[in-house]
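Not measured: the values here are computed from a predicted model. The sequence lines fix the lettering, A, B, ..., with proteins before strands; numbering per chain opens at 1. When reading the values below, keep in mind they use all heavy atoms of this one structure, side chains included, and skip hydrogens, waters and symmetry mates.
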There are 4 protein chains.
Amino acid sequence: MLIVMDSTASPEMVKRVCDEIERLGLTAHSMPGAQRTAIGVTGNKARLDSNRILTMEGVGDIIHVTKPYKLVSREFFPENSVIDVDGVKVGGREFVIMAGPCSVESLEQTMIIAEHVAKAGCKILRGGAFKPRTSPYSFQGLGEDGLKILAQARDKFGLKIVTEAVDTDTIGLVAQYTDIVQIGARNMQNYSLLRKAGRVGKPILLKRGMSATLEEFLMAAEYIMAEGNRDVILCERGVRTFADHTRNTLDLSAIPFVKRMSHLPIISDPSHGTGKKDKVIPLSRASVAVGADGLQIEVHHKPEEALSDGAQAITPDGLMQLMKEVRALATVMDRDVP
Amino acid sequence: MLIVMDSTASPEMVKRVCDEIERLGLTAHSMPGAQRTAIGVTGNKARLDSNRILTMEGVGDIIHVTKPYKLVSREFFPENSVIDVDGVKVGGREFVIMAGPCSVESLEQTMIIAEHVAKAGCKILRGGAFKPRTSPYSFQGLGEDGLKILAQARDKFGLKIVTEAVDTDTIGLVAQYTDIVQIGARNMQNYSLLRKAGRVGKPILLKRGMSATLEEFLMAAEYIMAEGNRDVILCERGVRTFADHTRNTLDLSAIPFVKRMSHLPIISDPSHGTGKKDKVIPLSRASVAVGADGLQIEVHHKPEEALSDGAQAITPDGLMQLMKEVRALATVMDRDVP
Amino acid sequence: MLIVMDSTASPEMVKRVCDEIERLGLTAHSMPGAQRTAIGVTGNKARLDSNRILTMEGVGDIIHVTKPYKLVSREFFPENSVIDVDGVKVGGREFVIMAGPCSVESLEQTMIIAEHVAKAGCKILRGGAFKPRTSPYSFQGLGEDGLKILAQARDKFGLKIVTEAVDTDTIGLVAQYTDIVQIGARNMQNYSLLRKAGRVGKPILLKRGMSATLEEFLMAAEYIMAEGNRDVILCERGVRTFADHTRNTLDLSAIPFVKRMSHLPIISDPSHGTGKKDKVIPLSRASVAVGADGLQIEVHHKPEEALSDGAQAITPDGLMQLMKEVRALATVMDRDVP
Amino acid sequence: MLIVMDSTASPEMVKRVCDEIERLGLTAHSMPGAQRTAIGVTGNKARLDSNRILTMEGVGDIIHVTKPYKLVSREFFPENSVIDVDGVKVGGREFVIMAGPCSVESLEQTMIIAEHVAKAGCKILRGGAFKPRTSPYSFQGLGEDGLKILAQARDKFGLKIVTEAVDTDTIGLVAQYTDIVQIGARNMQNYSLLRKAGRVGKPILLKRGMSATLEEFLMAAEYIMAEGNRDVILCERGVRTFADHTRNTLDLSAIPFVKRMSHLPIISDPSHGTGKKDKVIPLSRASVAVGADGLQIEVHHKPEEALSDGAQAITPDGLMQLMKEVRALATVMDRDVP
C-alpha cells in the first residue's frame, strides 16, 4: 500500500500517519519527494482497511498494491483446476460445449433439443427451470417440473445438465437434480446465494455480472470457494457498454486475464454475449481461439416459438455447423472436441 | 409494435407475417415503402413476445412501442405517490433526508451518530446491519444485533429507520425492526427478494443497479408492486461508466425522467454516487435542484475508523453544513426541509 | 511513482531496477514487503516515461503519483481564473448563460432568436456556422455567411458570441468574427486544432469529449495553455454510457472535481448533456447548484423547423422560464444572474 | 419512419401530423391502437429530418427504420471490396498483418524493426511519424523525417507502409510518402480530415473512435467515400468501458457486424485494443477466428526504450510466435498468411 500525502502536508502530518501505521503493527517507509511525500506500507498480511488513513489530515490518496483474492488466485494454486462434472472434465484438454434451450418449456421441446445436442457431440445440456426475467409478467420458468424434465433428458441421452438457481430457497432443490448449478449474471453479487452455492456439493457455473470488473468477478468466486466448494467454472457472457449493435459486449480479453490471475476454468457465452443468432458462430470461434475452456450456447428447434430469448438461439443445424467450425479451430489450439 | 421487413422480402413473406399476427388476435397494418415494407401491429394488450415473428422469413427487425410497465407508470396513477413512513411523508412537499453510518458498528457509534442526525433535523436514520461486501473477508455487518441497535436509536431520538435486507431468509427479520426496508443496487434484479419485498408490509427503498437502464429499474419496482406493496421509494445512486474521477457516475437526469414516467418518489444518494466525501455536498445541492424527493447520506463521527466506506462519509459538522445548503435551495424549489 | 515488483522477483532484479532509476538521475526507495517488494521513485520533475522500467525483468506494475498537468492545475495558479470576454467575465461572481440556436440557419432566424436571448438577460449568443455532423449528407452549416450573421446579431443586440471552429483551416477565420472560439467534443483530442486555438488570441470554450476522462480533458486544455492562451473555459456536455433514457449522461460531478484540480472556469451544457428538451431546465438548475460557472443552452423559436438538434432546443418561452429558475437558485449560491 | 403519438393525443393532433407528412411529399399510414396511435411514414428517399415532426403537439417519439449509410453499405455494393495497396490486397483471401513500432524513433530503430517485420512474413510496416499524444509535453513524433525513414525501410525491405495523418495541414505530405494513410481513433469524427482523406488518392485505414457506435464508424467511412475515395479499410481497436483490466475493451463482435452491413474490409488492432503485451497474441488469434481481414500489431525490439506505448509492444520473437499461431488458425479459416 502506498499513501500519497498532499503537497501541502506538513512534516507533522506525515509523522502522524507513519505513527498510525506503526501502531497498526505495520512498517512505514517515508519517501519525501520534490512535490509531495509518499509513504510505503509493508507488513500487511490482509488488505488494510484504508479508511482510517484516508481520513487523516494531509493524506491525498491511497494506492493498493496487494490483490485481494486468495483461494481463486493462481499464486495460491499454480496448476489449472480441472472440474470433474460426473466424468466430464472442464478445464482440461477437452473443450466443453454446454448447449440447450434458454428455458425448459415442455418435455417434448426439451427431448427434441436434447437429442440434437447429444447428436452434435455436446456432453452437457443447458436449460432454465427457474428464470430471472426483467418483467414480472413474463414466463418465469417451470420450476421443479422443469428440473424433472432436464433429469429425464439426461438419463435418456447420457448428458450432464446445467441449470440456474435464482435464490437460496430453491438452490438446494436445483442441486438435487442438476450436475452443475448455474449462478446468473444478475446474481453475481447475491452473496447469500454465493455462500449457499459454496455448500451445495455440486460444481458451480458462475457468470460475470453485467458491469462487474474482473476483480469483483473473481471475488464472487472467492465467496463460493471460501465455503469449501473448489469446483467453480467461470463464464464470460458480455458486459454492458454504450455499443448498441449487440445486446452486450462480449469481453474476450477477460479470458486470458482470468487464466493468468486464477487457476479456475472459464468458458464463454456468445448467445448472451451478443444477443444475435447470426453472431453466435463467429464469436464461438473467437472464444476457442482466445483460449476459453468451453462454450455455453442457446439452441432451439423452433426459435420462433421460444418462450424466451428466441432472437439469440441458433437452430440444431446451426449447432452442427458451430461444432464443425469449433472442432477445426480447437484442433489448432490443441484442445479436443468430441 | 412495428415489424420491419428485409428489403428483399417477397409479398408472400409479408402476407405470412400479417396472417400470423391476425391469427394471434391482433391487427396488422401493412405499409409498403420505397425500400422495404413495414407492418404495424395494434390490439396487443400485453407486450407481444416477438420471437415467433422475429424468426419468420423476411423479417428484419421488430420495434416495440408500448412500454412494459403498468403499476409503476404515471399513466396508471397520474398523481404523485406519497409514501407514509409512520408519519414521515416521502414524495410530498417535504424534502426527506436519510442519514447515518454505512454500517452499524456498535451501540455507542450508532447512538452518537443518531444524535447528530436528529439534531441536524433529519427524520430518518440509515445504517447497515446486513452488509453486501465485495470480499468474503470484509466486515459483513452485525446482523440482528445491528437491527436492535437501530431500533434503540429510533426510540431514543424519535427517528424512523431504513436498513438493507440482502436475502429472502432475513428480509422478514429486517422488516420487523425497520420502518423502511432497503434493497441495494446489487440486488436490484434479485427477483425472489423483490417479490418478498412486495409482501413484507413495509415501505421499500429500491436502489438502481449499477448498470440498470431506467426501464429495468422501473420493472424492478413493478415486481414489488405486483405483489401488492404500493409503497416503493426509488433511489438513484450512480451507475458504472468509464469515468474514473468518481466511484460511480451519479445520473441526475434519471430523476426528472422517473418523475415523468412514474408516480413513485425518487431520492438521490450522492455518497455512493460519488464515493468521495468532498463531492457529497455539491451533488446533494444538485439533487435538490434537479427535483429529487430526498437524499440518503452517509455520516460518521470518525470516518477514519469506519468499518466500511469511510472515504465517502461526511462528518456531523459536514451534515450540518449540508442541511444548511440544502435547506436554502429547497426553499427555492418550494420544498420543506425541517 | 511506485514500482511494484512481481512476488517472484529476485533481489538482483530489484537491484537492477533501482540502478536504472538512479542512472536516470532519480532516487529509488526500495521497500521489501511480506509478499513482494515495491520501489518508490522520487526526484522526477516531469512524469517519467515508464516503458523502460515496465519492461524490465521482475517488474509487475507501475503506479503514477504525480499528476501530469501543469498550467491548468490549481497548484500552479491557486486563484480562480476569470476569463474576460470583451467585458463579460466568466468564472467570477456572475453566472453566465450562453444561449442560441444549434445552427445559424438564416439572418432572420438568428435575429429573432438573438432578440429573445438578449431580452431574457443572457449576454452571450451561441450558434454554429461550421457544423460537425455524423452524416456527410446532413446540413453542414453556413460557413462564413453564418459568422457574418452572428456578427450582425452581436452588433444589434449588444451580445457577445461563441461559435465552433472545426479545423485548423478555418479557426483563424472563426476567430476574426467571434468573441469565444468553441472546440467541440469530437475535436477535444484534435491536437493540431488545440495548438492553433492556443494562438488565435481569443478565449476558447473547450467541450469535454464523449468518452474523455477528466485527466484527458484537463490535458486538452493544457495543450491550449501551453501555446500561450490562458483564456480557457471548460464545458461538461455529457458522456457516453449504457444509459439510454438520455442522449448522453451529464456528469455533474465533473464540475466540483475540475474546480478542485484546476483554476479554470467550467460551465454545463444540459442541451447536449440530455438531448431532451424537457430535461434542460431541471439539469440547468442542477448545474447551478453543483457549482458551475454558467450554462450553454440551445434555443429555437421554431424547434420543429430547426435544421439540427431540434429535439433538444427549448423555446424562447422556455428560456424565460429557465432564466427565472436559474436566477432564484443562483442567488442562493451567491452568484449573480442579470 | 414510425411516429408514436402520446396516449393523450387527440384525433386533431394525429390529423395535423399526417397532414404535415403529406405536405412533405410523403405518405402517412395512421394506425390507431388500444393505447395510442402510431403513424407509419413511407416514401422518404433520404432520412427525413425528424425535428419538425418531433416538436408537433401530441407526438411522443419517432423511430427510424431506414439506415443512413449509402456508399459504405453492402446493399450498395454486394461484393466484398478488396483494397489494392500497391499489390498487397486487403479484404481478399490474404490475411494481412501490419506490424511495426508505435513511433518512428530513429533510422536505426526503424530499420531493425522493419527487418524483423519483413522476416516474419508481414507485408506492411506500421509506424507513427505524427503522434497524437494526451500530453503536450510527450514526444510528438519525428514528422517528415519520420516519413522519410519509413520510406527508406519500405525500399530496403520491400514492404508497404501505413502511417497516421493527424491534420489537414499535413495529410497531403503524409500521402506523398505512405501507401496507406491512417486516421486515428481520436480523429474518427474530425470531418475536415475525413473529407481530405477522401481526396488524397491513397487507401485510408480508418480506426474506430473510442466511444463510436458502429453506425457512427460507418458514417465516418461514408465521409471519405463521398469524396470519391473507395479504398477504405476499417479497424476495430477497442472501445472505452468501465472494465479496467485492459486499456480498452476490444469489441470483436464489431467485425461480423461490419462484414454484414458493409462491403469494406475490417482489421483488428489488439495492441491498442488491450494495451497489454501479454494479451496481444490471444486476441490476435481471436481476431482471425472471428473473421477479421488482418491485424495491426505494435512491435519493438527494445520495448523498454520505446518512446511511446512500450507496454503494449511485443518483441520480434513475440511477432514470430504470433505469426505462427495466426497462420495455423488462418488456414482453418481458409485465409492465406504468407
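Evaluation of the side-chain contact (heavy atoms from CB on, under 4.5 Å) rule for A/Ala220 yields A/Met188, A/Leu194, A/Leu206 as partners, not counting sequence neighbours.
Contact annotation: the side chain of D/Leu252 never approaches that of A/Pro282 to less than 4.5 Å [non-hydrogen atoms, C-beta and beyond]. A 4.5 Å side-chain heavy-atom check between A/Ile281 and D/Pro256 finds every atom pair outside the cut-off.
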Between chain A and chain D, which donor-acceptor pairs sit under 3.5 Å apart?
from	atom 1	to	atom 2	distance (Å)
D/His245	NE2	A/Asp251	OD2	3.4
D/His245	NE2	A/Ser253	OG	3.0
D/Asp251	OD2	A/His245	NE2	3.4
D/Ser253	OG	A/His245	NE2	3.0
D/Arg260	NH1	A/Asp278	OD2	3.0
D/Asp278	OD2	A/Arg260	NH1	3.0
D/Arg285	NE	A/Ala289	O	2.6
D/Arg285	NH2	A/Ala289	O	3.1
D/Arg285	NH2	A/Val290	O	3.4
D/Ala289	O	A/Arg285	NE	2.6
D/Ala289	O	A/Arg285	NH2	3.1
D/Val290	O	A/Arg285	NH2	3.4

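With chain D as partner, the option from A/Ile255, A/Leu214, A/Val239 having the largest number of non-hydrogen pairs under 4.5 angstrom is A/Leu214. Listed options D/Ala243, D/Ala212, D/Gly273 were ranked by heavy-atom pairs under 4.5 angstrom with chain A; first place goes to D/Ala212. The most heavy-atom pairs under 4.5 Å with chain A, out of D/Val288, D/Leu283, D/Leu250, come from D/Leu283.
Closest of all the heavy-atom pairs between A/Ala289 and D/Ala289 is CB-CB, 3.6 Å.
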